[in-house]
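Okay, structure first, notes after.
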Amino acid sequence: MNIILEKKKLSEQVYMMKFSAPLIAEKHKAGQFLIIQLNKDTGERIPLTIADSDKENGTITIIFQTVGKTTMELAELNPNDYIENVIGPLGEPTHISKNGTVVCVGGGIGVAPLHPIIQAFKTAGNKVISIIGARNKDLLILEDEISKWSDEVIICTDDGSAGIKALVTEPLKQLCEQGGIDEAVAIGPPIMMKFCAETTRPFKVKTTVSLNTIMVDGTGMCGGCRVTVGGETKFVCVDGPEFDGHLVDFDNMMLRHKSYTEQEKTAKDKHVCNLDKKIKEIQS
Amino acid sequence: MGNKSSKELLEEIEKSELSVKERLEIPQIEMPCQDPAIRRTNQKEVATGYSETDVKVEAARCLNCKAAPCVKGCPVGINIPGFISKAAEGKFEESLQIIKESSLLPAVCGRVCPQELQCMAYCTVGKKYKDPMKSVAIGRIERFVADYEQSTGKTQVPECAKDSGKKIAIIGSGPASLSAAADLGKLGHKVTIFEAFPKAGGVMLYGIPEFRLPKAIVNAEVETLKKMGINFEFNFLIGRTRTIEDLMKKDGYNAVFIGVGAGLPKFMNLPGENLIGVFSANEYLTRANLMKAYDRGNVDTPIYNSQKVAVIGGGNVAMDAARMALRLGAEEVNIIYRRTRLEMPARAEEVEHAEEEGINFLFLTNPIEIKGDDNGKVNSVVFQKYELGDLDESGRRSPVPIEGETTELEMDTVIMALGNIANPLITKTTPDLEINKRGNIVVDEENRTSVKGVYAGGDIVLGAATVILAMGEGRKAAKTIHKDLGM
Ligand SMILES: Cc1cc2nc3c(=O)[nH]c(=O)nc-3n(C[C@H](O)[C@H](O)[C@H](O)COP(=O)(O)OP(=O)(O)OC[C@H]3O[C@@H](n4cnc5c(N)ncnc54)[C@H](O)[C@@H]3O)c2cc1C
Ligand code: FES
């Protein structure tokens, strides 16, 4: 189980991996995620979004950025290796209906989980306008796949190396001003989602965001993933991961995300040191 | 018989047949424990266990009462005088066989059962001393005979009947599920356990810490089940990876047992509850136990660096979280409880051990607000003082806030140990499964749910309860399943 079939480096820190997981593929719906743990005794458990699933061939595709020790170790695995522990699909699926025109905004790695959502909205008969953003051209991912399923694609980069030189909120605002937008979905870094929600708020366009918090079990048992939504505590792993962006307390969520920054940095640095050592050993 | 060693006591006991009066005079043998100052810095088991001599002396205290009142206090009706008299004779294997007629997890139950509220509460010896803590130490003897088997390496794998041709799915791998699986496996059914975590044992693994219940004991039970041919599917969340309906309609299971525990932590809805440094006891203990965060250099799971800790609650969960925080290096750990020591639901031994280790208890106190610094980290907690009022429906005096009496104390960590309620995942994804107001699954006297072929037991039915009750329920359900399958 969980045998890796394909691995591709999409950009400096971003990898795509396809592995076999027939049961998860069978159940997966847009908006859901996985938790992986590379070693059941010593590994940490991290949530990863599902970028694609193939029910016929029983495969799952993930796209991840090497931000910590576990994602770095994951990136070191190769086809025919297997991922020791994968549990999913977790979370509530995206609520998809035929609603008219939907704007889907994806930033950085957030474009990956957006992909199945765009597919689902399109398949349900909506007009889909996608806005995808990245720091620069090299960090853009899934451009072709997103174009395939969208009626219109707007690309934004911070430095203008591809598409327009703008933050994703700028075209989003213009679209809202033009009118005719029935719904929006924004997935990306918390700060991006926060500002997307602020952008659509005055126009009263329903805006769904997908939260990626610290998690342990992913089953509702620990409460480590909790966030404040509309003044109430919600568990991202079972009540989410998607919530009404106009109600999420992003500031608290961003703070909670930093709960273990010191420890995580130490773990990552140690891993990088060991890697350097290994490379030097090989070279010498 | 005053201050004699158990060796001296045993010599006297073995001289001649003892009268009841003489038996009553034998002092209770204390449980040997690691020194509090040392154990608060390690994860090793606190109580190190009786020696053979200790056990024989303690067992000699049993009066072998005809009416056996202790058995009434045991949720699974173990023949207590029976196993104790064998232990007194040094026939430890036979003693264990008697326990195993009724209990499948003696090494666990001997350690974690609240004996003083169960068997020991009815013991004639304790009645004589007017103190259930002075009763025959039934759990300690049980633990010894169970450990004896493991130490001799003679653990027997139960024989299984001929393949019945029936497939049974068991959801969860806590004590309810493991017991149901063992009984059903013995009856010849093909049993598969589906567990969300990559390891089996439920709360015995991720909740109760190593220093109270070594994981090797739980693992040994699981290994025995594997040898019996029980199949385990890990990383498998029923309700998501597959539903109960799938198991029955697509995968050909003839019956399903739900033993998913009460896995949803309660919070208080206080201002500041979502600040950094506030955890549920479940999260704190899972990081520490299951994911071994205590083993700092060697594992990846981080755990919060705590100095001043407030643990809210008065049950076993609170004691475990507090003692774990201490072991992870906290300077000061406080247990905050709304009522008084008398009403605390934790096992008496755990409270005592916690006190010996230097944990503070603040009674008649409850938090009303958690405050944080600019980085969103907890830096203090505001507490309300209480007094005891009238009896409530649980028969305990209910705490009443004393108006205007609040204090603010510096804290960097708050652990909520308020108990758990039912996780709605299974019930939400299984149509027609009847639940009560609290979300617990409703079953009949024989553990059948409202859905044909689906059974449930343990904390998901009882609400957060005990290991022994969960085990009893699992066994009862196994019996019903066997019967309903027409076997
Ligand atoms: C910290 C702590 C200390 C305790 N101390 C004591 C004590 O000293 N003495 C005592 O008698 N009792 C104690 N208890 C209570 C006791 O542990 C429980 O009553 C008992 O474990 C309940 O058993 P169970 O089989 O019902 O479920 P659990 O032990 O809760 O096991 C349920 C299992 O099901 C799995 N699961 C849940 N949902 C799903 C799903 N949808 N699909 C697949 N798997 C799923 C979970 O991962 C878990 O492994 C304590 C509890 C805690 C939390
Ligand atoms: S990750 Fe534990 S409750 Fe959500």
Side-chain angles (χ1 to χ4, degrees), chain A residues 1-2 21 23-24 26-27 32 34-46 68-70 73 84-91 214 216-228 232-233 235 238 249 251-264 266-267 270-271, chain B residues 196-199 203 206-207 233-237 239-243 246 250 260-269 273-287 290-293 295-305 372 374-377 416 420 423-425 428:
Chain A
M1 261 214 285
N2 314 328
L23 291 176
I24 300 176
E26 183 185 328
K27 287 282 180 213
Q32 292 183 301
L34 309 165
I35 285 188
I36 68 151
Q37 187 182 14
L38 295 179
N39 179 311
K40 69 176 191 294
D41 290 315
T42 57
E44 62 175 338
R45 294 168 66 88
I46 58 161
K69 180 165 186 259
T70 303
E73 283 177 352
E84 191 185 279
N85 304 287
V86 180
I87 177 167
L90 301 174
I214 290 174
V216 178
D217 54 302
T219 67
M221 188 275 283
C222 77
C225 61
R226 66 196 192 279
V227 288
T228 314
E232 276 179 60
T233 293
F235 288 6
V238 282
D249 181 346
D251 295 338
N252 177 255
M253 179 192 142
M254 287 187 268
L255 285 173
R256 285 184 61 79
H257 217 93
K258 292 192 208 135
S259 300
Y260 298 104
T261 18
E262 291 152 39
Q263 287 105 313
E264 274 157 10
T266 319
K270 221 169 109 187
H271 183 75
Chain B
F197 274 121
K199 293 181 186 176
V203 168
Y206 65 71
E233 290 282 354
F234 291 114
N235 299 310
F236 210 111
L237 186 63
R240 292 279 188 232
T241 317
R242 215 130 183 85
T243 62
D246 293 333
K250 294 186 192 159
V260 293
L264 206 71
K266 275 196 235 169
F267 286 94
M268 295 178 76
N269 280 324
E273 206 167 24
N274 291 347
L275 290 168
I276 303 179
V278 185
F279 305 93
S280 74
N282 285 5
E283 178 182 0
Y284 196 76
L285 288 169
T286 302
R287 283 180 183 274
L290 186 78
M291 301 162 74
K292 302 194 175 131
D295 192 3
R296 279 193 181 104
N298 295 314
V299 301
D300 301 339
T301 298
I303 192 133
Y304 205 61
N305 268 329
D374 293 346
N375 297 316
K377 290 187 172 174
M416 295 290 175
N420 290 307
N423 186 322
L425 183 58
K428 258 189 356 203

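Note on naming: letters A, B, ... go to the chains in the order of the sequence lines (proteins, then strands), and numbering restarts at 1 for each one. No experiment lies behind these values; they were computed from the predicted model shown.
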**Request:** Could you tell me whether B:Asp374 atom CG has more than 12 heavy atoms of other residues or ligands within 6.0 Å of it?
**Result:** no

**Request:** For chain B, find which of A:Val227, A:Leu38, A:Thr219 contributes the most heavy-atom pairs closer than 4.5 angstrom.
**Result:** A:Thr219

**Message:** A:Lys40: which residues meet the side-chain contact (heavy atoms from CB on, under 4.5 Å) condition with it, sequence neighbours left out?
**Reply:** A:Glu84, A:Asn85, B:Pro198, B:Lys199

**Request:** Supply the atom-to-atom distance A:Asn252 CG to B:Leu275 CG, rounded to the nearest 0.5 angstrom.
**Result:** 7.0 Å

**Fill in**
Greatest number of non-hydrogen atom pairs under 4.5 angstrom with chain A, of B:Ile276, B:Asn282, B:Leu285, falls to B:Ile276

**Item:** Heavy-atom closest contact (B:Pro265 atom, A:Gly220 atom, distance)
**Value:** CD-O, 3.4 Å

**Message:** Has B:Thr241 got a side-chain atom pairing as donor or acceptor with A:Gly88's backbone, closer than 3.5 angstrom?
**Reply:** yes

**Message:** Pair B:Phe197, A:Gln37 - check side chain to side chain contact (heavy atoms under 4.5 Å, CB included), show working.
**Reply:** CA-CA 10 Å; B:Phe197 274 121; A:Gln37 187 182 14; over 6 Å; no

**Asked** In chain order, what residues pass the salt bridge (charged side-chain N to carboxylate O under 4.0 Å, His left out) check against A:Arg45, with sequence neighbours excluded?
**Response** none

**Message:** I need the A:Cys222 SG to B:Leu290 CG distance, nearest 0.5 Å.
**Reply:** 11.5 Å

**Prompt:** Non-hydrogen atoms of chain A under 4.5 Å away: do they reach the side chain of B:Leu237, the backbone, both or neither?
**Reply:** both

**Item:** Rounded distance [0.5 Å steps], CZ in B:Phe236 versus CG in A:Leu23
**Value:** 5.0 Å

**Request:** Anything under 30° is parallel, anything over 60° is perpendicular, the rest tilted; go ahead and classify A:Phe235 against B:Phe267.
**Result:** perpendicular

**Exceeds 12 heavy-atom contacts within 6.0 angstrom, atom CE of B:Met268** = yes

**Item:** Distance, nearest 0.5 Å, that separates CZ of B:Phe279 from CZ of A:Arg226
**Value:** 8.5 Å

**Message:** Does atom NZ (A:Lys258) have a neighbourhood of more than 12 heavy atoms from anything else shown, all under 6.0 Å?
**Reply:** no

**Message:** Before you tell me yes or no, could you show the steps for B:Asn235 and A:Val86 under side chain to side chain contact (heavy atoms under 4.5 Å, CB included), namely the whole-Å CA-CA distance, both residues' side-chain angles and the distance that decides it to 0.1 Å?
**Reply:** CA-CA 6 Å; B:Asn235 299 310; A:Val86 180; over 6 Å; no

**Request:** Please lay out, stage by stage, how A:Met221 and B:Leu264 fare under the test side chain to side chain contact (heavy atoms under 4.5 Å, CB included).
**Result:** CA-CA 5 Å; A:Met221 188 275 283; B:Leu264 206 71; over 6 Å; no

**Asked** Looking only at side chains, do B:Asn274 and A:Arg256 share a donor and an acceptor under 3.5 Å apart?
**Response** no

**Message:** Using a 4.5 angstrom heavy-atom cutoff, name the option from A:Gly224, A:Gly91, A:Gly218, A:Ala21 with the most pairs to chain B.
**Reply:** A:Gly91

**Message:** Given 3.5 Å as the limit, does a donor-acceptor pair link the side chain of B:Arg240 with the main chain of A:Lys27, or not?
**Reply:** no

**Complete:** If you tally heavy-atom pairs under 4.5 Å between each of B:Tyr284, B:Tyr304, B:Phe234 and chain A, the highest tally belongs to B:Tyr304

**Prompt:** What part of B:Ile303 lies closer than 4.5 angstrom to a heavy atom of chain A: side chain, backbone, both or neither?
**Reply:** backbone

**Item:** Under 4.5 Å from any heavy atom of chain A - which part of B:Asp246
**Value:** side chain

**Request:** Answer yes when A:Glu26 and B:Lys250 have at least one side-chain N-carboxylate O distance shorter than 4.0 Å, and no when they do not.
**Result:** yes

